[in-house]
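For reference, the structure discussed in these notes is given below.
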Amino acid sequence: MKHFKSLAELHRANGFPPPENPLLSLFRCKNVCSLGVTEFTGDFYMIGFKKLISGLFLYGRTKYDHENGSMSFVKPRQVVKLENLEFEEDGFLIYFHEDFLNGHPLHSEIKKYNFFEYEANEALHLSPNEEKIIWELYSKIETEYYNNQDEYSRDIILAHIDSILKYSQRFYKRQFINRSDLSGKVVSKFNKSLAAYFDSGSLQQKGLPSVTMMASQLNLSSRYLSDILKQETGKTAIELIHIFLIAEAKNLLTGSDNNIAETAYTLGFDNLPYFSRLFKKEVGISPNQYKKMILN
């Protein structure tokens, strides 16, 4: 698999002219978008918008096959695969090297956008009005990109990229709300999976359930699972796991003769101080204090 350290390498491998900026590249896809190198990684981010008719677009572990106008976001060194793409309408790809962000607030802020960790089947689906907003921002980037870049260009372009990311965050929130029936099912499946993990004795055999493990069982990425749970319940996946474990701990401390260490072991904790800290954080008192309160 080919890895590109620079955008110039990506352009050369595909027989394209050099990019207008060594750290930024734009591809306007008019019905067809073809890259000679179909599978690659790179030291750059990618933001893409497309309405796919046929072909294969893959990143992460899953296939992109949406017919609606959708956006996808790829982080550096994530595998991307493009094959024989044909679009219903125009699309675009924005590539920017991670060094393009150096010294700019977006260098740290971009890490808060969890959708760079989503899988392809968790892409952002845009309404017609949302498409218009994204295209307007892309057009502004395109104008600046091809307009004799000067000392102001980088900040202007990054401001527009930042706006695309902020709007995308807003649109994802809308997507979660509009698909509340789906997110409700995710919450239900998540809780059922946790209960099944506990009932099967896996806590003692395999230890505490992780967000990655729970996401894998639900065929979702960890970040997407946490975000959709946060939208529906106000709690992230790890917070809900902790709430479940402490609820079971309170039940065991109330309904059995187990001491604190035995309770912790039953719940998959191999570190008693960690169990005690988590319990106090969730309940407000230590397990010992809780046990004494029950006995009294």
Side-chain angles (χ1 to χ4, degrees), residues 60-62 75 77-78 108 111-119 121-122 169 172-173 176 179-296:
R61 300 187 305 273
T62 51
K75 64 182 180 178
R77 290 165 291 282
Q78 187 169 15
S108 57
K111 296 177 177 63
K112 75 181 181 183
Y113 295 111
N114 288 341
F115 45 73
F116 278 102
E117 303 284 348
Y118 290 176
E119 293 290 342
N121 63 340
E122 300 159 351
Q169 186 87 303
Y172 258 117
K173 293 283 186 182
F176 289 148
R179 297 183 172 191
S180 58
D181 57 332
L182 172 63
S183 60
K185 292 177 182 176
V186 171
V187 173
S188 177
K189 289 179 180 178
F190 180 82
N191 289 329
K192 286 181 180 178
S193 292
L194 271 179
Y197 191 79
F198 177 80
D199 292 340
S200 68
S202 295
L203 283 167
Q204 295 94 339
Q205 299 169 12
K206 301 178 182 178
L208 299 173
S210 67
V211 175
T212 300
M213 183 205 76
M214 297 300 301
S216 178
Q217 289 186 4
L218 299 176
N219 294 317
L220 298 171
S221 66
S222 301
R223 291 297 182 91
Y224 190 84
L225 174 63
S226 277
D227 286 350
I228 201 168
L229 291 174
K230 181 80 170 180
Q231 179 65 38
E232 183 68 18
T233 69
K235 303 288 185 182
T236 63
I238 192 62
E239 288 172 333
L240 289 173
I241 289 172
H242 288 165
I243 289 170
F244 175 87
L245 290 170
I246 297 308
E248 293 296 337
K250 289 166 69 177
N251 180 58
L252 289 173
L253 290 172
T254 303
S256 73
D257 295 328
N258 287 359
N259 59 32
I260 307 303
E262 290 169 334
T263 299
Y265 172 75
T266 299
L267 292 171
F269 290 88
D270 55 11
N271 185 317
L272 185 56
Y274 173 62
F275 168 72
S276 297
R277 287 196 304 273
L278 183 60
F279 189 97
K280 187 170 184 178
K281 177 184 175 183
E282 295 292 335
V283 182
I285 56 177
S286 69
N288 279 316
Q289 290 171 318
Y290 183 84
K291 186 76 171 177
K292 289 177 182 177
M293 183 180 71
I294 295 301
L295 291 175
N296 292 334

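Computed over heavy atoms, backbone and side chain alike; hydrogens, waters and symmetry mates excluded.
Note: Met214 CE to Gln217 CD = 5.5 Å, rounded to the nearest 0.5 Å. Interatomic distance, Ser226 OG to Lys235 NZ, rounded to the nearest 0.5 Å: 13.0 Å. Taking CD1 of Ile243 as the reference point, atom OG1 of Thr233 lies at 7.5 Å (rounded to 0.5 Å). Taking CZ of Phe198 as the start and CG of Leu267 as the end, the distance is 6.0 Å to the nearest 0.5 Å. With rounding to the nearest 0.5 Å, the separation of CD1 in Ile238 from CG in Leu229 is 11.5 Å. Here the OG1 atom belonging to Thr263 is positioned 13.5 Å from the NZ atom belonging to Lys250, to the nearest 0.5 angstrom.
Here the closest heavy-atom approach between residue Ala237 and residue Phe190 is recorded as O-CZ, 3.7 Å. Between Ala261 and Leu272, the closest heavy-atom pair is CA-CD1, 4.0 Å. Between Leu218 and Ser193 the shortest heavy-atom distance is CD2-OG, 4.0 Å.
Under the 3.5 Å distance criterion, the side-chain polar atoms of Gln289 are matched with a main-chain donor or acceptor of Ser286. The closest donor-acceptor contact from the side chain of Glu117 to the backbone of Asn114 lies at 3.5 Å or more, if one exists at all. Ser200 places a side-chain N or O within donor-acceptor distance of the main-chain N or O of Tyr197, the cut-off being under 3.5 Å. Side-chain atoms of Glu262 come within 3.5 Å of backbone atoms of Asn259 as a donor-acceptor pair (strictly under, hydrogens ignored).
For an aromatic pair to be called close, the ring centres must be under 6.0 Å apart, and Tyr172 with Tyr118 satisfies this.
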Starting from the C-alpha separation in whole Å, work towards a yes-or-no answer on side-chain contact (heavy atoms from CB on, under 4.5 Å) for Leu253 and Ile260.
CA-CA 8 Å; Leu253 290 172; Ile260 307 303; 3.7 Å; yes

Which is it for Tyr224 and Phe176 under the side-chain contact (heavy atoms from CB on, under 4.5 Å) test, yes or no, and what are the steps along the way?
CA-CA 10 Å; Tyr224 190 84; Phe176 289 148; 3.7 Å; yes

Please evaluate residues Leu245 and Leu203 with respect to the criterion side-chain contact (heavy atoms from CB on, under 4.5 Å), reporting the C-alpha separation (whole Å), side-chain torsions for both, the decisive distance (0.1 Å), and the verdict.
CA-CA 10 Å; Leu245 290 170; Leu203 283 167; 4.1 Å; yes

Decide side-chain contact (heavy atoms from CB on, under 4.5 Å) for Leu240 and Phe244; before the verdict, give the C-alpha distance in whole Å, the side-chain angles of both, and the deciding distance to 0.1 Å.
CA-CA 6 Å; Leu240 289 173; Phe244 175 87; over 6 Å; no

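Residues Phe115 and Gln169 meet the side-chain proximity criterion, which asks for heavy atoms closer than 4.5 Å. Counting only heavy atoms from C-beta outward, the side chains of Lys75 and Gln78 approach each other to under 4.5 Å.
Between the side chains of Thr212 and Ser210, not a single donor N or O lies within less than 3.5 Å of an accepting N or O. Checking Gln205 against Ser202 by side-chain atom types alone, no donor-acceptor pair falls below 3.5 Å.
For the side chain to side chain contact (heavy atoms under 4.5 Å, CB included) with Thr236, the lone residue among His242, Arg223, Lys230 that qualifies is Lys230.
Heavy atoms from other residues, nucleotides or ligands lying under 6.0 Å from NZ of Lys206 number 12 at most. The number of heavy atoms from other shown groups lying within 6.0 Å of OH (Tyr113) is above 12.
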